[in-house]
Amino acid sequence: MYKKAFIKDVLARGQDLEGSSVRICGWVHRIRDLGGVKFVILRDRTGMLQVVFKKGELEERVLKEVEDLREESVVCIDGFLRRAPTREGFEVAASSLIVLSKPVEPLPLEVHSSLKAGLATRLRYRWIDARNPLVSKIFLLKSWVARKFREYYSSQGFVEIFTPKIVASGTESGANVFPVLYFDKVAYLAQSPQFYKQFAVIAGFERVYEIGPVFRAEPHHTIRHLNEYHSLDIEVGFIESYHDVMDYVEGFFRKLATDIKEVSDILEAFQAPEIRIPETGIPRIPIRRVYEILESEYGKRIPYGEDLDPEAEKLLGSYVREKYNSDLVFVTEYPWRVRPFYAMRKDDEPEWTYSFDLLFRGLEVVTGGQREHRYERLRENLRDKGLKEEEFQYYLEFFKHGAPPHGGAGMGLERITMQILGLQNIREARLLPRDTERITP
RNA sequence: GCCGCGGUAGUAUAGCCUGGACGAGUAUGCGGGCCUGUCAAGCCCGUGACCCGGGUUCAAAUCCCGGCCGCGGCGCCA
């Protein structure tokens with residue numbers, strides 16, 4: 001290994017290391033060449049540190065080599081750490097330089113100002129864009145959210161599962177799936193692990209979670225949709241009502257809210273506020289009540305029994321922010337006509353379902369609910385939706401041999417990341433986004 | 001899928017409405033030079049662009065049509 005320490009760790013031990021020799025490796029962020037003294041700002045994943053090459057302090061030969069450096073050259077530098085009036089309080093007085101790689105052509109994007117470029121350009125040259133410390137922080141946060149997800153659900157007795165992404169049919173109508181050639185058959189990329197996480201519960205694992213890619217063939221042109229994204233999925237058996245599912249979702253968001261201090265540096269960089277959840281819990285408002293609130297508070301009319309549109313979600317977001325001091329709100333009991341066939345309908349009001357969405361700062365980030373686990377009811381639901389039973393035969397079979405009452409939720413990892421940081425476009429939260437036109441790099 | 005806006009050096013922009021000194025400006029990058037304490041280093045010299053195709057016109061970066069691409073709104077969703 002060329003590299004022993006990250007810059008952040010060197011700086012953290014600055015007191016102890018002062019005067020002793022260190023090696024740091026990374027990318028050349030900036031070069032300030034004053035002739036007899038040359039400053040190189042070296043950057044790695046964890047931070048930046050100034051390196052000084054000074055005439056009289058090192059061999060002439062090394063000083064010459066520095067003149068060949070370009071921004072984004074990859075180097076290792078040996079030197080000793082000393083105090084200096086830099087932002088970090090320290091600098092490395094270089095004694096030698098190892099050049100591991102040098103750009104073969106001018107950079108199409110400048111790392112330090114990449115955010116001034118258009119998103120299309122940045123994504124085209126994402127390997128350079130992502131070196132921008134602010135950009136990389138998005139993915140450090142995303143990684144953190146995924147880790148918290150695993151931590152939380154593991155601690156609640158959930159088992160991580162890994163389900164197929166090549167499937168025989170869509171989970172609903174099949175209209176928005178990507179077909180793939182599977183030997184001599186047509187298969188599809190999974191639009192959701194829905195059926196298989198239910199399968200896992202029924203197969204006896206009781207509580208399961210999965211982090212995996214999902215694929216949506218919708219030709220949307222918005223700042224909140226991707227054709228490939230990562231879904232945080234849970235499914236849990238032996239629930240008494242869909243409120244049990246919401247409790248588990250709420251538990252995860254509470255963990256995010258309380259542990260967010262671990263990544264406060266990232267939040268600060270984005271000037272993002274902490275996540276507000278009231279002591280009394282995330283409000284749970286039936287959609288029929290939401291219609292009333294929207295109408296009376298904002299004069300916004302949603303046809304009774306229809307889904308909320310993006311404007312309605314934003315309005316509701318600011319409503320709960322003011323009324324409950326909450327960044328989050330559950331909208332519950334969605335109409336049967338806008339929910340999939342596997343949703344459980346209310347016992348007394350079959351036109352409404354035991355389902356919910358979770359809105360985070362006015363954007364839908366989670367969908368969930370109780371599933372219909374009763375074989376005959378499930379068949380009825382299919383009929384009601386005008387779907388052909390044959391097409392869901394393999395799914396229906398799961399329910400023939402003992403299925404506990406269960407429910408679950410799917411959460412959009414990129415949407416959660418986007419909302420925590422206040423990103424303006426979901427593509428920012430995906431290293432290599434797939435959208436209607438973009439399949440490279 | 002429907003609708004709207006846009007495409008100028010590597011990057012980001014000015015110019016377009018009102019066609020003509022636009023021979024396309026500026027910043028940054030890139031190439032070169034000066035400089036021993038910079039920190040968005042500075043200063044000097046150089047380099048480099050009107051998306052593609054067609055049309056209107058004496059004349060098109062500018063107006064019109066088509067295509068491709070980009071951005072966004074809606075629908076759908078996480």
Side-chain angles (χ1 to χ4, degrees), chain A residues 29-41 48-58 63 67 70-72 82 84-89 91 93 103-125 128-129 171-173 175-176 191-194 211-233 249 306-313 334 338-340 356-360 363-368 409-419 424-427 429-430 435-438:
Chain A
H29 190 66
R30 290 279 200 181
I31 303 167
R32 302 191 192 106
D33 187 347
L34 279 68
V37 60
K38 301 175 198 303
F39 299 93
V40 170
I41 311 301
M48 299 197 220
L49 185 52
Q50 172 167 295
V51 181
V52 190
F53 297 82
K54 199 170 186 176
K55 200 171 181 173
E57 282 186 1
L58 76 175
L63 202 67
E67 280 168 20
R70 294 293 173 267
E71 284 185 6
E72 299 311 309
R82 67 184 176 200
T86 59
R87 202 165 301 160
E88 293 77 25
E91 68 182 12
V104 298
E105 59 178 39
L107 297 163
L109 204 58
E110 296 150 56
V111 169
H112 45 84
S113 65
S114 77
L115 290 170
K116 287 181 184 162
L119 188 57
T121 307
R122 292 174 46 209
L123 294 174
R124 165 75 181 80
Y125 299 106
I128 302 171
D129 178 58
T171 47
E172 277 140 64
S173 59
N176 53 353
Q191 62 183 170
S192 144
Q194 183 59 38
I211 299 178
V214 295
F215 306 90
R216 302 284 166 94
E218 298 287 345
H220 22 53
H221 300 97
T222 78
I223 55 169
R224 59 185 185 283
H225 289 93
L226 293 166
N227 293 296
E228 177 184 25
Y229 69 92
H230 264 68
S231 183
L232 307 175
D233 273 277
V249 172
E306 291 288 330
D307 204 348
L308 305 179
D309 60 34
E311 189 198 6
E313 293 184 349
Y334 272 80
V338 304
R339 288 306 226 199
F356 63 86
D357 277 3
L358 179 66
L359 273 49
F360 181 17
L363 179 69
E364 180 183 335
V365 295
V366 180
T367 290
M411 327 187 193
L413 177 56
E414 287 79 6
R415 283 201 177 176
I416 293 171
T417 304
M418 175 184 180
Q419 292 306 88
Q424 293 305 301
N425 191 315
I426 197 163
R427 292 171 183 82
R430 187 90 191 167
D435 56 34
T436 51
E437 298 295 338
R438 195 172 273 113

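Model, not experiment: these values are computed from the prediction. Numbers restart at 1 for each chain; the letters A, B, ... are given by sequence-line order, proteins then strands.
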With a 3.5 Å cut-off and heavy atoms only, can you find an N or O donor on one side and an acceptor on the other between the side chain of [X] and the base of [N]?
{"X": "A/Glu218", "N": "B/G1", "answer": "no"}
{"X": "A/His225", "N": "B/C76", "answer": "yes"}
{"X": "A/Arg415", "N": "B/C77", "answer": "yes"}

Side chains of A/Tyr229 and A/Arg415: is there a donor and an acceptor less than 3.5 Å apart? no

Answer yes if the side chains of A/Asn176 and A/Gln191 hold a donor-acceptor pair under 3.5 Å, and no otherwise. yes

Hey, does the side chain of A/Thr222 reach the backbone of A/His225 with a donor-acceptor pair shorter than 3.5 angstrom? yes

Test: A/Arg82 and A/Glu57 ion pair at under 4.0 Å: yes

Salt bridge present between A/Glu110 and A/Lys116 (N-O < 4.0 angstrom): no

How is [X] classified with respect to the nucleic acid when contacts are heavy atoms under 4.0 Å: base, sugar-phosphate, or nothing?
{"X": "A/Gly118", "result": "sugar-phosphate"}
{"X": "A/Pro219", "result": "base"}
{"X": "A/Leu226", "result": "base"}
{"X": "A/Arg122", "result": "nothing"}
{"X": "A/Ser114", "result": "nothing"}
{"X": "A/Arg70", "result": "sugar-phosphate"}
{"X": "A/Arg82", "result": "base"}
{"X": "A/Arg427", "result": "sugar-phosphate"}
{"X": "A/Val366", "result": "sugar-phosphate"}

Rounding to the closest angstrom, what is the interatomic distance between [N] and [M] at atom [atom1]?
{"N": "B/U26", "M": "B/A14", "atom1": "C1'", "result": "7 Å"}
{"N": "B/A27", "M": "B/G66", "atom1": "P", "result": "39 Å"}
{"N": "B/C71", "M": "B/G32", "atom1": "P", "result": "35 Å"}
{"N": "B/A49", "M": "B/G23", "atom1": "P", "result": "15 Å"}
{"N": "B/C58", "M": "B/U11", "atom1": "P", "result": "37 Å"}
{"N": "B/A61", "M": "B/C50", "atom1": "C1'", "result": "5 Å"}
{"N": "B/G6", "M": "B/G67", "atom1": "C1'", "result": "16 Å"}
{"N": "B/G48", "M": "B/A9", "atom1": "C1'", "result": "5 Å"}

Taking only N and O in the side chain of [X], is any of them less than 4.0 Å away from OP1 or OP2 of [N]?
{"X": "A/Thr222", "N": "B/G72", "value": "no"}
{"X": "A/Ser231", "N": "B/A78", "value": "no"}
{"X": "A/Asn227", "N": "B/C77", "value": "no"}
{"X": "A/Arg438", "N": "B/C71", "value": "yes"}

Taking the side chain as every heavy atom from C-beta outward, state whether A/His230 and A/Arg430 have any atom pair closer than 4.5 Å. yes

Heavy atoms, side chains only, cut-off 4.5 Å: are A/Leu107 and A/Glu71 in contact? yes

Base-pairing mate for B/U28 - Watson-Crick or G-U, with both contacts under 3.5 Å: B/G10

B/C34 -> Watson-Crick or G-U wobble partner, both distances under 3.5 Å, gives B/G42

In B/S/- notation (B base, S sugar-phosphate only, - none; protein heavy atoms under 4.0 Å), nucleotides 38-46 of chain B written 5' to 3' is BBSB-----

Could you walk me through whether A/Met48 and A/Arg87 pass the side chain to side chain contact (heavy atoms under 4.5 Å, CB included) check? CA-CA 9 Å; A/Met48 299 197 220; A/Arg87 202 165 301 160; over 6 Å; no

Nearest nucleotide by nearest heavy atom, which residue falls closer to the 5' end of RNA chain B, A/Leu107 or A/Lys55? A/Leu107

Does A/Leu308 or A/Pro106 map to a spot on RNA chain B nearer the 5' end, using the closest nucleotide for each? A/Pro106

Whole angstrom is fine here: how far is it from CD in A/Glu105 over to P in B/G29? 18 Å

